[in-house]
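First comes the structure, then the notes that go with it.
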Amino acid sequence: MEKEKIKSVVLPYSLTVRELAEQMQVSPIDVIKVLMSNGVMANINQMIDFDTAAIVASEFEIEAEEESQVSDEESALEEVKELPRWRELIDQEDPEKLVNRPPVVTILGHVDHGKTSLLDAIRHADVLSGEVGGITQHIGAYQVNHNGQEITFLDTPGHAAFTAMRARGAQGADIVVLVVAANDGVMPQTKEAIAHAKAAQVPIIVAMNKMDRFDANPEYSKQQLSEAGLQPDEWEGDTIIVPLSATERTGIDDLLEAILLVAADTKILANPDGKVFGTVIEAKVDKARGVVATLLVQNGTLEKSDTVCTGLSCGHIRAMFDFRGRPIDKAFPSSPIQIMGLGDVPTAGDLFEVYSSEKEARAVVEDRKDELAVSSRSRMGVASLEDLFNRIEAGQTRELNLILRADVQGSLEPIIAELETINGQNAIRINILHAATGNISENDITLALASNAIVIGFNNSIDPMARSVADQKGISVRFYNIIYRLKEDVEKALKGMLEPEYEEIVLGKANVLATFKVSKLGFIAGCRVVEGVLRRNGKMRVIRNGKEVFVGAVASLKREKNDVNEVRNGFECGVGLKNFTGFKVGDVLECFIVEQESSS
């Protein structure tokens, strides 16, 4: 019996070519042919927007409708869950007090395409001459003023630092500027930069550098960018490409205008009077000054007298300097600053927060050390093949992220094609984050660590430095020389990995007696525990008039102004929930945990 033809589909804002083909129940090859006939060079894993997908659907006589960005409560909760911690904290601020803050921009690109020269042109400062061999040796943060608006730039030494920040859920950049040399086009490291930027889910602006060169070929570079998934806006895409020359200092104003334009569309907000937090950019020990940390303030106003806690380090700020090295007393959102006073060297990418006292900050650090000790074993080998599959079995992830490296393009394409044949056969989706030829590099390992991916090599080897990092971080790298064995291993691992059964265990209940706002913590419910126990590591359900209005994690649990791990029946406490501010007197809070049912 012939299968009934699809007449209409509901599509998200963006999706891959493969996902579009699955929705329409047609061959991905046919979709690619339609895209090519419309001037879009796409592969099966390339992301396309709704407008492009709708045009393709019309060619198949299928009506496309764009789905709501938040179609139901479950998808909304999932979207919130994937946000970095600092974005979650901003969402807890009073919306009426949120104002625009300067955008934070990271510059990425191939090693000699002119990243530092571009920053030099932007800042009008001779930074390049101070770098050994012209390659950036440290992470810096700078601010410039364009037409009365501030822009903050993070100068990274490569993809490793950018990935390390994202791996900790605290990637601070709002926009990525991808530098591409007009005479070289898209290089392997450019593709890696695109993969990192897309994984961090931030807008990308392309700076087409070296336009002054006699051999510049911008049209060919744009074609390569299109094939890499960045469709130029002049080709009806959504990627702004700005032609410029860093050495001649031409096109710089256009780039800054493009950054401010994207920032305006992105709605980059903060509350200068709210909870103070941000991201650690870098840190080191200075023989004369002790621990010196470079911070990016992302919300609130940091003051010289504040007590800061980040990761396993805390301390009272003894001195604070702006990015020019000038002493300051206050720092506002999107400000890059240096501080002195931390007891230990924090890790780049860690979230920092301000606490009311050093005693409170030290208590938080001790809790984190305890959690670290308990979970240290489970974190070993987080990206090994077996442990990643165990996480899939436990329902902790619904995707199998892969990074592929093959000896030649002729090997890479059949491998991808074979993996596509088993994709979508069960509830687990295979997601190829990055596929390239050559040996496995250090960037592949750091991307795998950041994305909980596994690294697969075919007829190749691994660079010595990459091997060292893989061993240090516990990343498992698999090598194959026969395609069907590679496919077999992935296929066997995915079979039967449907979501396991879980049971909910209610720990206790509490009645909301009062609601109030604490400047450092946000909205708090004053409660009395009436049954069982409330635990900080549990989840909380808010029940109003017998109906559930919210389910989420506990952000804070206090008893007489002290942070506690649990509060038992008969005692009063203060409860704060992540991403929820709508407490009302009379609400019932139900604390519960979710455990996997044991197999019989």
Side-chain angles (χ1 to χ4, degrees), residues 36 39-43 105-137 140 142 144 146 151 153 155-159 162 175-197 203-262 409 436-438 441 443:
M36 290 177 66
V40 179
M41 305 299 294
N43 58 49
V105 180
T106 294
I107 294 185
L108 298 177
H110 190 64
V111 66
D112 60 353
H113 279 191
K115 298 189 297 293
T116 305
S117 297
L118 178 57
L119 271 172
D120 177 38
I122 291 170
R123 300 193 315 268
H124 301 289
D126 190 13
V127 174
L128 184 59
S129 62
E131 304 291 354
V132 179
I135 298 176
T136 310
Q137 301 295 316
Y142 315 90
V144 299
H146 180 69
I151 303 174
F153 287 91
D155 182 12
T156 64
H159 308 308
F162 185 78
I175 299 170
V176 165
V177 170
L178 178 69
V179 181
V180 178
N183 62 325
D184 273 351
V186 174
M187 304 294 283
Q189 200 172 7
T190 312
K191 293 180 180 179
E192 292 173 356
I194 292 172
H196 283 271
I204 302 173
I205 299 172
V206 175
M208 188 74 71
N209 195 20
K210 303 189 180 182
M211 289 293 292
D212 58 311
R213 292 281 299 258
F214 72 94
D215 55 347
N217 190 349
E219 293 305 312
Y220 178 66
S221 298
K222 290 175 185 177
Q223 180 64 41
Q224 288 183 310
L225 286 165
S226 177
E227 293 171 357
L230 299 181
Q231 186 80 354
D233 57 347
E234 59 191 85
W235 294 359
E236 298 184 357
D238 56 4
T239 301
I240 298 176
I241 298 182
V242 182
L244 55 85
S245 170
T247 55
E248 297 293 327
R249 293 190 176 177
T250 58
I252 305 301
D253 285 346
D254 293 337
L255 177 62
L256 298 178
E257 286 291 344
I259 290 171
L260 293 176
L261 179 64
V262 172
Q409 194 69 28
T437 58
S441 67
N443 283 325

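Computed from a prediction, not measured in an experiment: that's the story for all the values here.
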Task: Contacts of Thr239 that satisfy side chain to side chain donor-acceptor pair (under 3.5 Å) - sequence neighbours left out - done: none
- [ ] Would you please name every residue forming a salt bridge (charged side-chain N to carboxylate O under 4.0 Å, His left out) with Lys222, sequence neighbours left out?
- [x] Glu219, Glu234
Open item on the list: Using only atom types and a distance under 3.5 Å, with no angle test, would you say the side chain of Asn209 pairs donor to acceptor with the backbone of Ala246?
Closed with: yes
Task: Gln224 (side chain) donor-acceptor with Val186 (main chain) under 3.5 angstrom - done: yes
- [ ] For Glu236, enumerate each residue passing the side chain to side chain donor-acceptor pair (under 3.5 Å) test, keeping only those at least two apart in sequence or located in another chain.
- [x] none
Task: Partners passing side chain to side chain contact (heavy atoms under 4.5 Å, CB included) against Ala181 (at least two apart in sequence or in another chain) - done: His113, Asn183, Asp184, Lys210
- [ ] Go through Ile259 and His146 one step at a time and tell me if the side-chain contact (heavy atoms from CB on, under 4.5 Å) criterion holds.
- [x] CA-CA 10 Å; Ile259 290 171; His146 180 69; over 6 Å; no
Open item on the list: With side-chain contact (heavy atoms from CB on, under 4.5 Å) as the criterion, how do Val179 and Leu108 come out once you've worked through the C-alpha distance, each side chain's angles and the decisive distance to 0.1 Å?
Closed with: CA-CA 6 Å; Val179 181; Leu108 298 177; over 6 Å; no
TODO: Enter the distance from Leu256:CG to Phe153:CZ here, rounded to the nearest 0.5 Å.
DONE: 5.5 Å
- [ ] Under the side chain to side chain contact (heavy atoms under 4.5 Å, CB included) rule, collect the residues that match up with Ala258, sequence neighbours excluded.
- [x] Ile205, Ile240, Val242
Task: Least distance between heavy atoms, Pro232 atom then Ser226 atom - done: CD-CB, 4.2 Å
Open item on the list: Within this structure, what is the OG1-CD1 distance for the pair Thr106 and Ile204, rounded to the nearest 0.5 Å?
Closed with: 11.5 Å
Open item on the list: Applying side-chain contact (heavy atoms from CB on, under 4.5 Å) to Leu230 and Leu178, what does each step give before you reach the verdict?
Closed with: CA-CA 11 Å; Leu230 299 181; Leu178 178 69; 3.8 Å; yes
TODO: To the nearest 0.5 angstrom, please state how far the CG atom of Leu118 sits from the CD1 atom of Ile252.
DONE: 5.0 Å
Task: Counterpart residues, side chain to side chain contact (heavy atoms under 4.5 Å, CB included), relative to Pro243 (two or more places apart) - done: Met211
Task: Non-hydrogen side-chain atoms of Asp254 and Leu244 separated by less than 4.5 Å - done: no
Task: For Val180 against Gly185, the heavy-atom pair lying closest together - done: CG1-O, 3.5 Å
TODO: Find out whether Thr247 and Asp212 are in side-chain contact, i.e. whether some heavy atom of one side chain is under 4.5 Å from a heavy atom of the other.
DONE: yes
